[in-house]
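Here's the structure, in structure tokens; my notes come after.
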Amino acid sequence: MAGTDQKDLKETIAEKAKRTSNGLRGTLADSLKDEHTGSLRDTDQLLVKFHGIYQQDDRDRRREREERKLDKLYSFMIRVRIPGGFIGPVHWEMAQNIAGKYSTGTIKITTRQTIQLHGILKSNLKPTIKSFNEVFLDSIAACGDVNRNVTTTANPASSPHHDEINNLAKEISKMLLPKTRAYYEVWLDSEKLVEKTEEDPLYRDVYLPRKFKIGVALPPWNDVDIFTNDIGLIAIEENGKIIGYNVAAGGGLGTTHGNEKTYARLATVLGFVPKESVLKVVYEIVTVQRDFGNRDDRKLSRLKYTIDNMGLEEFKKEVEKRSSISFQSIKPYSFKTRSDQYGWAQDAKGAWHFTLFVENGLVTDSEDRKLKTALYEVAKTRRAAFRFTCNQNVIFADIKTSDVPVIEEIIRKYKLQEINETASLVRKNSMACVALNTCPLALAEGQRYLPLLLDKVDAVVTKNNLNNEPITFRMTGCPNGCARPYNAEIGLIGTAYGKYNLHLGADCNGTRLNKKYRENLEESEILQELDSLFARFNREKNTGESFGDFCNRAGLTGS
Ligand code: SRM
Ligand code: SF4
């Protein structure tokens with residue numbers, strides 16, 4: 001093996017792709033020009049994720065294309081970077097225009113407060129990114145082994161400190177962006193600014209071993225599902241001011257069926273840091289993960305494994321040493337809900353916000369519901385901004401009192417309030433991931449199936465007189481956990497087409513994981529199990545006890 005050094009022998013394909021990428025450029029420019037295929041070169045498929053783009057193919061059409069001896073039907077998904085989930089009306093209007101012109105037309109609000117477009121052809125990638133850039137939106141680091149979209153408690157009416165945590169999310173996002181100009185060169189045809197790869201003291205040429213996620217929560221609201229993040233910052237308020245943050249680390253949900261070494265984990269609260277120290281601490285947690293994270297096995301490389309391998313105390317000490325900041329004792333806090341506050345709410349500054357339930361985050365027009373048209377009209381008024389929630393919903397936000405009637409008129413015209421009012425509580429507390437037909441990892445359906453299943457679940461709920469119970473119900477098409485099913489009161493995790501593991505026993509505020517209760521259930525079995533569980537819950541629950549707490553108390557958490 002002449003010319004192969006020790007490093008090459010040990011290095012995984014992903015690590016080598018990063019190290020030799022020339023600042024994430026790879027051969028992307030050439031891949032894009034190649035008109036013989038709708039696909040990118042193999043290594044470029046890995047690198048393009050750091051630019052917020054995934055290569056996919058239409059899985060519904062795989063068999064037919066195979067029979068016709070055709071290549072897969074390749075297209076791309078773009079995920080925009082929107083820290084805190086806030087964009088203006090101009091941005092939303094542009095997103096819809098782009099969606100109509102270059103993608104399937106549907107916009108997906110994700111579980112991390114941003115939006116995705118699917119079905120973009122290779123030749124339309126550059127025009128798409130250029131159009132987003134016209135309104136100063138980008139997709140840098142929305143995916144890849146770097147820090148991803150930073151999430152926050154969504155509704156400004158939750159606290160007078162909402163602006164402050166939003167600004168923090170933006171600062172963190174900016175601080176942890178890769179320094180390379182590759183995005184601008186590849187997609188926006190910017191001139192090459194430097195011959196050599198740009199200096200990046202954080203990511204260097206190795207980036208992180210794996211994806212990295214950060215959220216900021218304002219108790220008592222936990223819509224951001226703070227403990228599922230690699231770093232969760234919990235704002236602590238004293239005397240009407242945010243004085244600092246309890247820092248939690250090591251959350252992550254992805255597991256692999258059959259790989260016992262993988263597990264879902266909620267973040268552990270390390271301690272309190274004053275607000276002037278929080279950026280430094282966040283930065284150094286990231287450098288510890290960069291230097292200590294597992295680069296040999298991507299299944300075991302998230303921060304949760306790094307912490308468990310190092311030991312919590314050792315990990316804490318390393319962060320303290322690097323940041324020269326000592327964690328103080330954890331300050332008291334408590335979460336009371338993960339639900340969005342549907343309908344109108346006014347914030348401390350007097351602005352109004354209308355939260356709309358968007359089932360599984362899919363903004364589209366159907367025969368009986370013109371959701372996309374309604375959102376476009378709201379944007380056109382320029383009287384409301386848009387805030388996405390980690391529950392895949394949208395808030396028409398920051399509306400002056402004098403502008404409320406204009407927005408109300410659109411809400412009435414498109415019967416949006418009716419969506420909020422007619423959806424059952426379980427449905428309003430449900431989420432599904434994308435899964436089929438675009439997700440290459442899906443074993444079962446997600447967002448296409450959950451609404452149909454919930455029609456039947458709703459009937460079982462009603463039969464058992466539980467219509468007033470806001471039970472969290474989450475479904476994913478595989479064990480990666482994109483709709484955070486591992487801390488839902490009812491979690492359904494796809495194992496094969498039409499089959500799901502049923503998990504029970506998480507609490508309603510997102511502070512306890514559930515456990516696997518039954519395996520490989522088909523729809524009829526799911527409904528049967530839920531019927532008997534709901535009947536028992538109705539009979540035996542204590543006053544005020546949530547379904548998850550009941551399952552946990554009753555030991556309904558294991559096969
Ligand atoms: Fe996710 C991979 C969709 C939130 C854990 N996720 C994927 C991919 C990109 C599949 C792939 O690798 O090719 C999916 C694209 C499907 C498609 O066609 O669009 C995908 N994940 C999503 C979204 C769109 C689900 C949704 O319906 O909203 C969410 C986008 C969030 C965003 O805007 O950034 C999404 N993914 C999550 C979350 C929830 C969260 O972050 O709050 C998780 C669990 C938390 C965590 O990270 O542990 C999550 N996604 C994963 C994993 C497992 C990671 C792991 O540590 O094992 C994968 C697979 C992987 O990384 O190898 C994955
Ligand atoms: Fe795809 Fe699995 Fe994530 Fe669902 S949970 S989007 S099936 S990776």
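Remember, it's 1-based here, ligands and their atoms both numbered in the order they're listed.
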Using modelled atom types only, decide if a donor and an acceptor are shared between the side chain of Thr111 and the backbone of Cys482 within a distance under 3.5 Å. yes
Among residues at least two apart in sequence or on other chains, which ones pass ring-ring contact (aromatic ring centres under 6.0 Å, His included) with Phe76? none
Name the one of Thr511, Asp225, Asp223 that satisfies side-chain hydrogen bond (donor to acceptor under 3.5 Å, both in side chains) with Arg338? Asp225
Please check if the side chain of Gln45 supplies one atom and the backbone of Leu40 the other of a donor-acceptor pair under 3.5 Å. yes
Residue shell around ligand 1, heavy atom under 4.0 angstrom: Tyr54, Gln56, Met77, Arg79, Lys108, Thr110, Thr111, Arg112, Thr114, Gln116, His118, Arg210, Lys211, Lys213, Gly252, Leu253, Gly254, Arg302, Gln392, Ala432, Cys433, Val434, Thr438, Cys439, Pro440, Leu441, Asn480, Gly481, Cys482, Arg484
Could you name all protein N, O or S atoms found under 2.8 Å from atom 1 (Fe) of ligand 2? Cys439 SG
Mark up the atoms of ligand 2 that fall under 4.0 Å of a heavy atom belonging to Gly481, in ascending order. 5 (S)
Let me see the working for Asp458 and Arg427 under salt bridge (charged side-chain N to carboxylate O under 4.0 Å, His left out), right down to the final yes or no. CA-CA 8 Å; Asp458 277 348; Arg427 197 178 292 263; 3.2 Å; yes
Test ring-ring contact (aromatic ring centres under 6.0 Å, His included) applied to Tyr333 - qualifying residues, sequence neighbours left out: Phe335
Can you confirm if the aromatic rings of Phe86 and Phe388 lie within a centre distance of less than 6.0 Å? no
Do His257 and Thr495 have side chains that approach each other closer than 4.5 Å (heavy atoms only, starting at C-beta)? yes
Enclosure of Lys515 NZ (heavy-atom neighbours >12, cutoff 6.0 Å): no
Can the ring centroids of His91 and Phe386 be said to lie less than 6.0 angstrom from one another? no
